[in-house]
Engineer: 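Sharing a structure with you now.
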Amino acid sequence: MSERSKPSIFWLFALFALPIMGLMVKFRLHDREKMPQTGAAIITPNHYSNIDPVVIGTATWYLGRLPRFMAKASILKIPVLGWILLKSGQIPVERGGSTRSSAALNAAKELVAKERTVIVYPEGSLTRDPDMWPMRGKSGAVRLALELDIPIIPVAHWGTQQLMARYSNKLNVFPRHTIDVKVGDPVDLSEFVGKPLDNKTLTAATNKVMDAITALLEDLRGESAPEVRWNPAEHNQSETGRF
C-alpha cells in the first residue's frame with residue numbers, strides 16, 4: 001500500500017491542485033518503480049524554477065508518496081497557511097543560526113518514526129549554472145541521511161522552464177507543457193558510514209548526490225553536463241536572488 005492511499009489532508013490538496021496542474025502539464029515519469037513506496041526517504045531534485053516545488057510535489061504524489069518539504073520556519077508561522085502546512089507534515093527549518101541543524105534533525109527523527117518522505121533541494125537555491133545544470137550542492141540532505149540512515153533518492157526533471165522561466169513568477173499556461181521526471185537508484189553512501197561528519201566527508205557525500213542528479217538530467221536532456229560543476233562563489237555570485 002502506498003503512502004498516498006492513506007487518508008490525509010493531501011487528499012484535499014489533490015482534489016483542487018491536480019485538475020489545475022493537469023490542464024497545464026503532462027507528466028512523463030521515467031523509472032517510477034525506483035521510488036520506494038514505504039519507509040523514510042529523502043528525495044533530492046534539481047532546482048531551476050520558482051515553480052519547482054509545485055511540479056515536484058505533484059510528481060511525488062503521482063509516484064505514490066506524499067510531498068513534504070523542508071520549509072522556512074517563518075512561513076509556518078503565518079496564520080492559517082502555517083497551520084495547514086504543519087498539518088500536512090511540512091518540516092520547519094530555521095534559515096540560519098545554531099538552531100537550524102537541530103530543528104532539521106528533530107524533524108528527521110519524526111520522519112523515520114512515521115516512515116515519511118521529505119523533499120530537500122541540495123543546491124539550496126535556483127541553480128546559477130547558465131545552462132541550468134545542477135550547481136554545487138549543500139550538505140543538509142547527506143547529513144540527515146548519514147545521521148539517521150535514511151536513503152537518498154535522486155530525482156531530475158526537465159521541461160519545467162517552459163511552464164515558468166527561471167527567476168520569473170509568470171506562468172506560461174498554454175500550450176500544455178510536457179515535463180519529464182526521472183527517478184534514480186538510492187545513492188550509495190556506504191563508504192561514508194561510520195566516518196566523522198566533517199567538511200571533507202560531507203562534501204564528498206554531497207558530490208555523489210549531485211553526480212547522481214546530474215546523470216539523470218543528462219539522460220532527460222540527451223546532453224552532457226559540464227565537467228566542472230558550477231560554484232557561485234567562484235563566479236562572484238550571491239547564493240540567493242536573481243543575477
Side-chain angles (χ1 to χ4, degrees), residues 18 21-36 41-65 67 69 117 119-138 141-142 151-189 204-232 234-235 237 242-243:
L18 295 186
M21 285 297 291
L23 292 174
M24 299 185 292
V25 172
K26 175 186 177 182
F27 284 94
R28 290 193 300 210
L29 304 176
H30 305 263
D31 299 331
R32 61 185 304 160
E33 72 279 359
K34 293 183 178 181
M35 178 62 68
I42 300 172
I43 300 171
T44 54
N46 57 318
H47 195 14
Y48 59 88
S49 171
N50 287 330
I51 204 170
D52 283 351
V54 176
V55 168
I56 291 298
T58 303
T60 300
W61 171 270
Y62 286 139
L63 289 166
R65 301 305 302 255
F69 292 83
T117 54
I119 300 165
V120 180
Y121 288 101
E123 294 167 90
S125 60
L126 302 187
T127 180
R128 298 315 212 200
D129 184 276
D131 294 318
M132 294 190 290
W133 290 103
M135 63 176 180
R136 62 87 189 94
K138 295 187 175 180
V142 297
I152 288 182
I153 310 298
V155 169
H157 62 106
W158 190 243
T160 305
Q161 73 277 14
Q162 303 301 324
L163 180 63
M164 182 177 286
R166 180 168 51 171
Y167 302 121
S168 173
N169 291 315
K170 180 182 178 181
L171 273 172
N172 299 310
V173 178
F174 299 108
R176 190 170 180 235
H177 306 287
T178 297
I179 297 178
D180 289 281
V181 181
K182 188 175 178 66
V183 183
D185 294 312
V187 181
D188 183 6
L189 299 178
T206 299
N207 284 338
K208 287 201 70 171
V209 173
M210 298 312 302
D211 286 344
I213 298 169
T214 301
L216 295 174
L217 187 57
E218 287 180 323
D219 288 343
L220 291 181
R221 294 176 58 166
E223 304 173 75
S224 296
E227 291 186 8
V228 179
R229 189 169 293 119
W230 191 270
N231 185 342
E234 296 175 354
H235 296 273
Q237 294 175 335
R242 302 184 181 189
F243 72 95

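Because only heavy atoms are used, hydrogens play no part in the values below, and waters and symmetry mates are left out as well, while side chains stay in.
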Engineer: Counting distance only, does the side-chain N/O of His235 pair as donor-acceptor with the main-chain N or O of Trp230 below 3.5 Å?
Structural biologist: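 No; zero donor-acceptor contacts below 3.5 Å.
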Engineer: Among all residues two or more places apart in sequence or in another chain, which pass the salt bridge (Lys or Arg N to Asp or Glu O under 4.0 Å) test with Asp131?
Structural biologist: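 By the salt bridge (Lys or Arg N to Asp or Glu O under 4.0 Å) rule, Asp131 matches no residue at all.
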Engineer: For Pro67, enumerate each residue passing the side-chain contact (heavy atoms from CB on, under 4.5 Å) test, keeping only those at least two apart in sequence or located in another chain.
Structural biologist: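 In terms of side-chain contact (heavy atoms from CB on, under 4.5 Å), with neighbours along the sequence ignored, Pro67 is linked to Phe10, Thr60, Phe69, Ile119.
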Engineer: If every non-hydrogen atom of Gly184 is compared with every non-hydrogen atom of Leu216, which pair is closest and at what distance?
Structural biologist: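 Here Gly184 and Leu216 meet closest at N-CD1, 3.7 Å.
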Engineer: Salt bridge (Lys or Arg N to Asp or Glu O under 4.0 Å) with Asp185: which residues, sequence neighbours excluded?
Structural biologist: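 Partners of Asp185 by the salt bridge (Lys or Arg N to Asp or Glu O under 4.0 Å) criterion, ordered by chain and then number, come out as Lys34.
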Engineer: Show, in sequence, the C-alpha distance, side-chain angles and deciding distance for Val55 and Phe27, and conclude whether the side-chain contact (heavy atoms from CB on, under 4.5 Å) test is met.
Structural biologist: CA-CA 9 Å; Val55 168; Phe27 284 94; 3.8 Å; yes
Engineer: Return the set of residues passing side-chain contact (heavy atoms from CB on, under 4.5 Å) with Arg32 (not counting sequence neighbours), or none when no residue passes.
Structural biologist: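 For Arg32 the side-chain contact (heavy atoms from CB on, under 4.5 Å) partners, ignoring immediate neighbours, are Leu29, Leu63.
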Engineer: Kindly give the heavy-atom pair with the smallest separation between Trp133 and Pro226, and that separation in Å.
Structural biologist: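 For Trp133 and Pro226, the tightest heavy-atom pair comes out as CD1-CD, 3.4 Å.
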Engineer: Should Ser125 and Met135 count as side-chain neighbours, where that means a heavy-atom distance under 4.5 Å?
Structural biologist: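 Ser125 reaches Met135 side chain to side chain.
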Engineer: From Thr44 OG1 over to Ile152 CD1, what is the distance, rounded to the nearest 0.5 angstrom?
Structural biologist: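 Interatomic distance, Thr44 OG1 to Ile152 CD1, rounded to 0.5 Å: 5.5 Å.
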Engineer: Would you please name every residue forming a side chain to side chain donor-acceptor pair (under 3.5 Å) with Asp31, sequence neighbours left out?
Structural biologist: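 Here the qualifying residues are Lys182.
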Engineer: For Leu171, check side-chain contact (heavy atoms from CB on, under 4.5 Å) against everything at least two apart and list the hits.
Structural biologist: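 Partners of Leu171 under the side-chain contact (heavy atoms from CB on, under 4.5 Å) test: Met24, Ile51, Leu163, Met164, Val173.
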Engineer: What residues, two or more places apart in sequence or in another chain, satisfy salt bridge (Lys or Arg N to Asp or Glu O under 4.0 Å) together with Arg221?
Structural biologist: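 Salt bridge (Lys or Arg N to Asp or Glu O under 4.0 Å) check on Arg221 returns Glu223.
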Engineer: Over all heavy atoms of both residues, which pair between Ser49 and Ala165 is shortest? Give the atoms and the distance, please.
Structural biologist: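 Taking every non-hydrogen atom into account, OG-O, 4.3 Å.
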Engineer: Taking salt bridge (Lys or Arg N to Asp or Glu O under 4.0 Å) as the definition, give me every residue that meets it alongside Asp180, ordered by chain and number, with sequence neighbours left out.
Structural biologist: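 Salt bridge (Lys or Arg N to Asp or Glu O under 4.0 Å) check on Asp180 returns Arg28.
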Engineer: With sequence neighbours excluded, tell me which residues meet ring-ring contact (aromatic ring centres under 6.0 Å, His included) with His30.
Structural biologist: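 Per chain and number, His30 pairs via ring-ring contact (aromatic ring centres under 6.0 Å, His included) with no residue.
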Engineer: Which heavy atom in Val187 sits nearest to a heavy atom in Ala212, and how many Å separate them?
Structural biologist: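 Looks like CG2-CB, 4.0 Å.
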Engineer: Is the side chain of Glu123 donor-acceptor paired with the backbone N or O of His47 at a distance under 3.5 Å, no angle test?
Structural biologist: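 Indeed, once roles are kept as given, a pair shorter than 3.5 Å links the two residues.
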Engineer: Name all pairs fulfilling the side-chain hydrogen bond (donor to acceptor under 3.5 Å, both in side chains) condition that reach into residues 205-214, sequence neighbours left out, sorted by first residue then second.
Structural biologist: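 Passing the test, one end in residues 205-214: Glu191-Lys208, Asp211-Arg229.
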Engineer: Minimum heavy-atom separation for Val155 and Ile213, please, with both atom names.
Structural biologist: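 Taking every non-hydrogen atom into account, O-CG2, 3.8 Å.
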Engineer: State, with a plain yes or no, whether a side-chain heavy atom of Leu217 is found less than 4.5 Å away from one of Trp158.
Structural biologist: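 A side-chain contact under 4.5 Å exists here.
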Engineer: Rounded to the nearest 0.5 Å, what's the gap from OH on Tyr62 to CE on Met21? Could you check?
Structural biologist: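 Output value for this atom pair is 7.5 Å.
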Engineer: Return the set of residues passing side chain to side chain donor-acceptor pair (under 3.5 Å) with His157 (not counting sequence neighbours), or none when no residue passes.
Structural biologist: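 Scan of His157 (side chain to side chain donor-acceptor pair (under 3.5 Å), adjacent residues dropped) gives Tyr48, Thr160.
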Engineer: Write down the atom of Arg166, the atom of Pro130, and the distance for their closest heavy-atom approach.
Structural biologist: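 For Arg166 and Pro130, the tightest heavy-atom pair comes out as NH2-O, 3.4 Å.
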Engineer: For Met132 and Asn46: C-alpha separation, side-chain torsions, deciding distance, then whether side-chain contact (heavy atoms from CB on, under 4.5 Å) applies.
Structural biologist: CA-CA 9 Å; Met132 294 190 290; Asn46 57 318; over 6 Å; no
Engineer: Do side-chain atoms of Gln161 reach the backbone of Gly159 as a donor and acceptor pair under 3.5 angstrom?
Structural biologist: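 Checked: pair present.
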Engineer: Which pairs with one or both residues in residues 42-56 pass salt bridge (charged side-chain N to carboxylate O under 4.0 Å, His left out), sequence neighbours excluded?
Structural biologist: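 Qualifying pairs, neighbours excluded: none.
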Engineer: Roughly how far, to the nearest 0.5 Å, is the CG atom of Leu126 from the OH atom of Tyr121?
Structural biologist: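 If I round to the nearest 0.5 Å, the distance is 9.5 Å.
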